[in-house]
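Excluded from the calculations below are hydrogen atoms, water molecules and symmetry mates; all remaining heavy atoms, backbone and side chain alike, are included.
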2 protein chains.
Amino acid sequence: MQAHDSRLESILDSVEALFARDGYHATSMRDIADASGLSVAGIYYYIPSKQIALAMVCERIFDRLDAGVPTPDSAATPIELLQRFVRSHLRYVLANDSAYRVLLHDMELLEGAASERVRLRKRNYFRSLAHMIARIDPAARFTARLAAGALFGMLNWAPTWYRAEIDGNCDQATDALTSLFLGGLLASGNVAEALL
Amino acid sequence: MQAHDSRLESILDSVEALFARDGYHATSMRDIADASGLSVAGIYYYIPSKQIALAMVCERIFDRLDAGVPTPDSAATPIELLQRFVRSHLRYVLANDSAYRVLLHDMELLEGAASERVRLRKRNYFRSLAHMIARIDPAARFTARLAAGALFGMLNWAPTWYRAEIDGNCDQATDALTSLFLGGLLASGNVAEALL
DNA sequence: GGAGCGCTCGAACGAACGTTCACTAGATTC
DNA sequence: GAATCTAGTGAACGTTCGTTCGAGCGCTCC
């Protein structure tokens with residue numbers, strides 16, 4: 001039972017890395033078998049199908065993302081909560097390149113019930129950030145929906161350009177992006193609009 | 001000659017739509033033939049291979065993106081130039097969902113010389129925005145590199161959440177995102193950092 | 001009226017795909 | 001020690017893949 005589970009986890013590690021590198025469709029069950037040190041048929045002892053392998057990998061990723069969502073405690077200010085969320089999210093996507101790429105490229109290839117389930121988790125994750133933002137912005141120059149979309153864009157795009165040796169370590173990038181976002185969110189309105 | 005070229009263009013329209021909807025690997029030459037009203041063999045009269053079809057589609061997309069990059073004229077302020085760039089870019093990615101999806105998902109599947117060429121065009125496009133930003137920010141709280149990455153993230157992520165009936169028309173979204181970005185870029189520093 | 005050309009086709013190629021099958025060596029249970 | 005279960009295998013299934021080939025159109029030019 002325990003041996004079975006840890007073996008499954010290591011297979012999913014391989015699957016995640018292969019899907020990230022080559023994409024879902026360009027990864028064959030032979031590739032997965034080779035990377036896992038099993039025969040092709042042996043893989044099917046642990047995973048019923050390639051589709052379900054993708055579903056398992058996606059669920060794992062959201063398990064880890066959700067674990068980073070800060071729970072509102074009475075001591076923390078809304079801005080502190082946002083800062084924690086950004087730090088957790090950015091750390092994950094920058095440190096787990098495979099997961100980021102599966103999420104970006106392959107998640108939408110899910111079908112059926114698994115697709116619905118993962119899509120719901122994605123929406124909930126998005127909303128948890130939107131709620132934090134709504135609690136911050138007093139003047140509400142922007143809808144929380146738009147602001148959350150913009151912030152997620154800044155964060156999820158980071159892996160495409162970020163390089164630690166140029167842009168500083170992950171926490172420095174977090175601080176910069178958070179400051180850029182909050183500066184825009186809380187700017188008194190006339191600061192930017194007068195210039196347009 | 002002319003008939004040949006317009007036929008090729010219409011085939012590339014089909015290819016772009018199919019790659020966008022199903023992805024490069026899940027699109028077969030049979031699919032392309034059906035969508036183009038030709039036989040499979042007939043497609044190869046216009047396109048030497050599936051790989052080159054992808055390269056052609058990517059080049060077309062950058063032709064259109066580049067056409068929207070504003071040329072600096074003496075009358076326009078740096079902020080006006082940025083505004084024009086953002087408007088042009090966002091209009092394109094929101095109105096051309098197929099192109100956006102090919103760019104996001106399939107461009108990286110290019111191989112060989114075509115890959116290098118397209119990658120270079122992407123980098124140049126990124127740099128044209130970074131240069132505009134560098135000319136705006138006087139205090140330089142952020143590197144132009146980070147600011148351009150953040151802005152591109154905001155814009156390129158928009159197709160994943162933007163819906164005209166909720167978020168207003170494309171120009172309204174442009175104004176909101178530009179204002180959010182410029183507000184953060186030009187914020188006096190202590191506005192946001194005092195809160196962290 | 002035949003030669004050449006631009007364009008299109010059906011048929012086929014070998015290779016790779018996801019999945020299933022019958023089977024086995026070893027451990028566990030009764 | 002017979003029966004059952006776990007973990008794994010090699011071989012094969014039918015299908016689809018990207019690509020190629022030879023041939024057949026309708027057209028223009030000599």
Rounded to whole Å, please give me the gap between [atom1] in [X] and [atom2] in [N].
{"X": "B:Y44", "N": "D:dG22", "atom1": "OH", "atom2": "C1'", "answer": "17 Å"}
{"X": "B:D31", "N": "D:dT15", "atom1": "CG", "atom2": "P", "answer": "18 Å"}
{"X": "B:L54", "N": "D:dG18", "atom1": "CG", "atom2": "C1'", "answer": "15 Å"}
{"X": "B:D5", "N": "C:dC7", "atom1": "CG", "atom2": "P", "answer": "10 Å"}
{"X": "A:I43", "N": "D:dT9", "atom1": "CD1", "atom2": "P", "answer": "9 Å"}
{"X": "B:K50", "N": "D:dC17", "atom1": "NZ", "atom2": "P", "answer": "8 Å"}
{"X": "B:I32", "N": "D:dT16", "atom1": "CD1", "atom2": "P", "answer": "17 Å"}
{"X": "B:L109", "N": "D:dG18", "atom1": "CG", "atom2": "C1'", "answer": "16 Å"}

Margin query: Any base atoms under 4.0 Å from A:T27, or only sugar-phosphate, or nothing? Heavy atoms, all strands.
Written below: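 The answer is sugar-phosphate, as A:T27 gets under 4.0 Å only of primed atoms, P, OP1 or OP2.
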
Checklist line | Candidates D:dT19, C:dC9, C:dC17 - which lies nearest the side chain of A:R30 | finding: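 Closest nucleotide among those given: C:dC17.
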
With a 4.0 Å cutoff (strictly under), does any side-chain N or O of [X] reach OP1 or OP2 of [N]?
{"X": "A:Y45", "N": "D:dA7", "result": "yes"}
{"X": "B:S28", "N": "D:dT16", "result": "no"}
{"X": "B:Y46", "N": "C:dT8", "result": "yes"}

Note to self: Can you tell whether the side chains of A:D63 and A:R121 come within less than 4.0 Å, N to carboxylate O?
What the structure shows: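 Answer for the salt bridge query: yes.
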
Notebook entry, point to check: Can we say B:R101 and B:D106 salt-bridge, meaning some charged N sits less than 4.0 Å from an Asp/Glu carboxylate O?
Noted result: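 No salt bridge links B:R101 with B:D106.
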
Margin query: ring-ring contact (aromatic ring centres under 6.0 Å, His included), that's the test. Do A:F19 and A:H105 meet it? Break it down for me.
Written below: CA-CA 9 Å; A:F19 283 178; A:H105 291 90; over 10 Å; no

Item checked: DNA chain D: 5'-proximal contact among A:R7 and B:M29 (nearest heavy atom) ->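 In this pair, the answer is A:R7.
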
Next item on the list: Over 60° means perpendicular and under 30° means parallel, so classify the ring planes of A:F152 and A:H89, tilted if in between.
Entry: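 Rings of A:H89 and A:F152: perpendicular, over 60°.
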
Notebook entry, point to check: Measuring from A:L12:CG to A:L54:CG, what's the distance to the nearest 0.5 Å?
Noted result: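 Reported to 0.5 Å precision, the distance equals 10.5 Å.
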
